[in-house]
Amino acid sequence: MSTAAEASVSREHGLELLRAMLRIRSFEDRCYRLYGEMKIRGFLHLYNGEEAVAAGAMQVLEPADAIVSTYREHGHAIARGISMNKVMAELYGKQTGCSRGRGGSMHLFDASKRFYGGNAIVAGGLPVAVGLALAEKLQHRRAVAACFFGEGAVAEGEFHESLNLASLWRLPVLFLCENNLYAMGTALDRAQAETDITTKARAYRMEATAVDGMDVFAVEAAVRGAVEKIRNGGGPALLEMRTYRFRAHSMFDPQLYRDKAEIEAWQKKGPIITLTSRLKSLGLMTEEDYQRLEREARAEVDAAVEFAESSPWEPTSDLERFVYAESVA
Amino acid sequence: MQNLSPDPAVRITYRDAVREALRDALRGNPLVFLMGEDVGCYGGSYAVSKGLLEEFGPERIRDTPLSESAFVGAGIGAALGGLRPIVEVMTVNFSLLALDQIMNNAATLSHMSGGQLSVPVVIRLATGAGRQLGAQHSHSLEGWYAHIPGLRIAVPATIDDARLMLAAALASPDPVLLFEHLYLYNMEGELTPGLASVDLDHAAIRRPGTDVTLVSYGWSLYKALTAAEALSKEGIEAEVLDLRILRPLDEATIIASVRKTRRAVIVDEGWRSGSLAAEVTTRIVEQAFYELDAPVARVCTAEVPVPYAKHLEDAALPSPARIVAAVHSLIGAGRSD
């Protein structure tokens, strides 16, 4: 798939995808440090290594499409176009955060981007995505509900119930499984009798494809193909993005369950280094281009940190706001 | 309400009142749809939605698989996506399979998103005991749900509320759980002529009195009214309060009544420990302690999974006799003032 995609890749598009991934990587690396500085608290799940999935998928998804995500969603949020300022401010717990400090890392929201969180219950977002798709269908709109979840979610009943319902009602849902091989510390083959997730989806009569989730072109092409079919009434589809997280599950994880050698092997297949060398070898990008993109990403993150630092706290007198809908302000 | 006859003699069952409410909602707003297990072809497990599939078609009367979590969650997603879903959960015990969606999504999304999202889903659940359905179909868990910020908990006990509460729930931007007591479906009564709407804010005094307040809701309301009749023959005038809304509680109406009567008995089909009855009691004690002439008493379901055999089930549940006995314990059988 990559070879075909490469044949038609332009410098502009290649750099755009690289830029999208570098923005996420830069953001996550900074989050890692900010956690050590105790600026960010709570649980923090970083997306390093999985950037190709968010960057590739968001290239295809349109503003009218609805996005449902998991607790490892900084990358999805940023690639979706939620400003880094608002995301960083949320991690700081500030009023200017995209959830006004009530969500934190695991609960990023932006209604204007149709970004419905940030769900920290594994598989808890899948039924919601099914409902969002039902709303599209019943209102005769053409948008797709795209639902990100990890491979750990396939062990939950909600995964099976949701795939069945989406398929039964032929709803426009794109299930995007980010298979990074570990549900916290439990390897897929220690949790599932059938480790091929596409097989599970096909059992619900749903088209399902495994994709090299480290290859941003492959991700983009697969999502494009799936979304086109879904939009044309083809019913839901599942894409299993085979990827890997380079960092620990969260900041409290000593990673006793996997070898350093395994991590190093996957790092060699990392989405950013492989795209970089590919673009260079195709003569579409220079080292200076790369340095510039990285610099720009870091500058954007710096500005986001500055924004978060200087933002006000939500007053505690507003603690109980938003539990119920407020009448229009 | 215009299509409803204003004839004061109109009698209707609770079941038909709910069905008429559904029909109105479906006719009045194309964004409204009903989904749940056996709501369509079967006509509803308690026959509430009988005939609606024929009238509104399978797009709007959607039979679901036995996947409570998925279809309740889909109701939440559909509400986020602009629809006004009515989700029927066959029995409150089954709602536990969807508790993740109700608690972690419906109740939290508004707050967790800093007010960007609201979830205008209505979830209808059959609740309660009295039909010998055993421990997995007979519980009253509405008090549990009333623990959760972000939800509105409504319990239609009267024919008017059965007929009109759904519209109020659909008009709310928040998730509303409507608990229909399964024992009430066959109850017949008259609609109040000219009554076009009800609110989701206030408790109601169903029988005025001066000597004791019986706080109740759902099926228990009728047990309280029966007890009040019996007490009246002894010269004890009980005020019967129908909570209607378990969250947010209408404290003002409860406290005003207790300040007047100076005594309260809480009648709750839930279990006593950690119950809604405990919450109501505490609020009375917090706000009207010095105006009480007696401790607050409670009549709740015995702390057992509701049993099957009729005599055991009856013994487990609140009854008029137990309510009368509770009132006697506060006032004394030989009261003379």
Side-chain angles (χ1 to χ4, degrees), chain A residues 66 68 90 95 97-104 106-112 114-121 123-139 141 143 145 156-158 160-166 168-169 171 314 320-327 329, chain B residues 30-33 35 58-60 62-85 87 97-101 103-121 148-152 172-176 200 247-248:
Chain A
V68 176
E90 186 58 33
Q95 185 178 49
C98 61
S99 309
R100 291 184 76 127
R102 285 166 176 79
M106 301 191 284
H107 306 299
L108 305 174
F109 291 88
D110 190 335
S112 70
R114 299 208 77 194
F115 194 86
Y116 294 99
N119 199 308
I121 306 297
L126 276 80
V128 175
V130 170
L132 284 161
L134 179 61
E136 294 305 312
K137 185 172 178 174
L138 293 187
Q139 291 174 96
R141 301 190 302 228
E156 296 282 1
E158 288 185 321
H160 298 273
E161 292 187 12
S162 298
L163 261 65
N164 177 59
L165 200 57
L168 183 72
W169 290 350
L171 299 176
E314 182 87 332
E320 293 182 21
R321 287 185 66 189
F322 313 126
V323 175
Y324 296 97
E326 297 184 356
S327 43
Chain B
L31 298 175
V32 171
F33 70 103
M35 68 175 158
E59 284 288 282
R60 299 183 70 200
R62 304 183 80 88
D63 280 320
T64 66
L66 310 188
S67 303
E68 283 82 359
S69 197
F71 71 73
V72 170
I76 292 163
L80 290 171
L83 297 175
R84 290 283 168 157
V87 181
L97 295 161
L99 193 52
D100 168 45
Q101 291 299 323
M103 166 86 210
N104 289 317
N105 286 336
T108 60
L109 284 174
S110 172
H111 183 81
M112 207 162 60
S113 67
Q116 293 178 79
L117 303 178
S118 60
V119 186
V121 65
I148 303 172
L151 301 180
R152 294 184 183 277
S172 168
D174 302 313
V176 180
L200 286 188
R247 187 181 189 100

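Each chain gets a letter, A, B and so on, in the order its sequence line appears, and its residues count up from 1. Note that the structure is predicted; figures quoted are calculated from it, not measured. Worth knowing before you read on, the calculation uses all heavy atoms, side chains too, and leaves out hydrogens, waters and symmetry mates.
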### Message
Can you tell me which portion of A:Arg321 sits under 4.5 Å from chain B's heavy atoms? Options are side chain, backbone, both or neither.
### Response
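Contact with chain B is through the backbone of A:Arg321 alone.
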Would you say [X] and [Y] make side-chain contact, with heavy atoms under 4.5 Å?
X: A:Leu138; Y: B:Arg60; value: no
X: A:Gln139; Y: B:Leu31; value: yes
X: A:Glu320; Y: B:His111; value: no
X: A:Phe322; Y: B:Met112; value: no

May I ask you to name which of [options] has the most heavy-atom pairs under 4.5 Å with chain A?
options: B:Pro173, B:Ser113, B:Gly75, B:Gly82; value: B:Ser113
options: B:Ile76, B:Asp100, B:Val72; value: B:Asp100
options: B:Pro85, B:Pro30, B:Gly114; value: B:Gly114

Could you check which of [options] has the highest count of heavy-atom pairs closer than 4.5 Å to chain B?
options: A:Val130, A:Asn164, A:Leu126, A:Leu165; answer: A:Leu165
options: A:Gly117, A:Gly104, A:Ser99, A:Ala325; answer: A:Ser99
options: A:Asp110, A:Leu108, A:Leu132, A:Leu171; answer: A:Leu132

### Task
Would you please test A:Tyr116 and B:Leu109 for side chain to side chain contact (heavy atoms under 4.5 Å, CB included) and show each step?
CA-CA 9 Å; A:Tyr116 294 99; B:Leu109 284 174; over 6 Å; no
#### Entry: Heavy-atom contact with chain A under 4.5 Å, split by part of B:Leu117
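For B:Leu117, the contact with chain A is made by the side chain alone.
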### Task
Below 4.5 Å from any heavy atom of chain A, which atoms of B:Met103 appear? Answer side chain, backbone, both or neither.
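Neither the backbone nor the side chain of B:Met103 comes within 4.5 Å of chain A.
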### Task
Assess whether side chain to side chain contact (heavy atoms under 4.5 Å, CB included) is satisfied between A:Val128 and B:Gln101, documenting all intermediate values.
CA-CA 8 Å; A:Val128 175; B:Gln101 291 299 323; 3.6 Å; yes
#### Entry: Closest non-hydrogen atom pair, B:Gly150 against A:Val323
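So the two residues come closest at N-CG1, 3.3 Å.
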### Task
Kindly give the heavy-atom pair with the smallest separation between B:Asp63 and A:Trp169, and that separation in Å.
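Closest approach of B:Asp63 to A:Trp169: O-CZ2, 3.5 Å.
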### Query
Looking at residues at least two apart in the chain, or sitting in another chain, which of them share a salt bridge (Lys or Arg N to Asp or Glu O under 4.0 Å) with B:Arg84?
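Scan of B:Arg84 (salt bridge (Lys or Arg N to Asp or Glu O under 4.0 Å), adjacent residues dropped) gives none.
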### Query
Could you give the distance from OG (B:Ser172) to OH (A:Tyr324), rounded to the nearest 0.5 Å?
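B:Ser172 OG to A:Tyr324 OH: 9.5 Å, rounded to 0.5 Å.
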### Query
Is there a donor-acceptor pair under 3.5 Å between the side chain of B:Asn104 and the backbone N or O of A:Ile121?
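Judged by distance alone, no pair lies under 3.5 Å.
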### Message
Please enumerate all residues that pass side-chain contact (heavy atoms from CB on, under 4.5 Å) together with A:Glu161, with sequence neighbours excluded.
### Response
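Checked A:Glu161 against side-chain contact (heavy atoms from CB on, under 4.5 Å); matches are B:Ser67, B:Ser69, B:Ala70.
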### Message
Pair B:Phe33, A:Leu134 - check side chain to side chain contact (heavy atoms under 4.5 Å, CB included), show working.
### Response
CA-CA 11 Å; B:Phe33 70 103; A:Leu134 179 61; 3.7 Å; yes
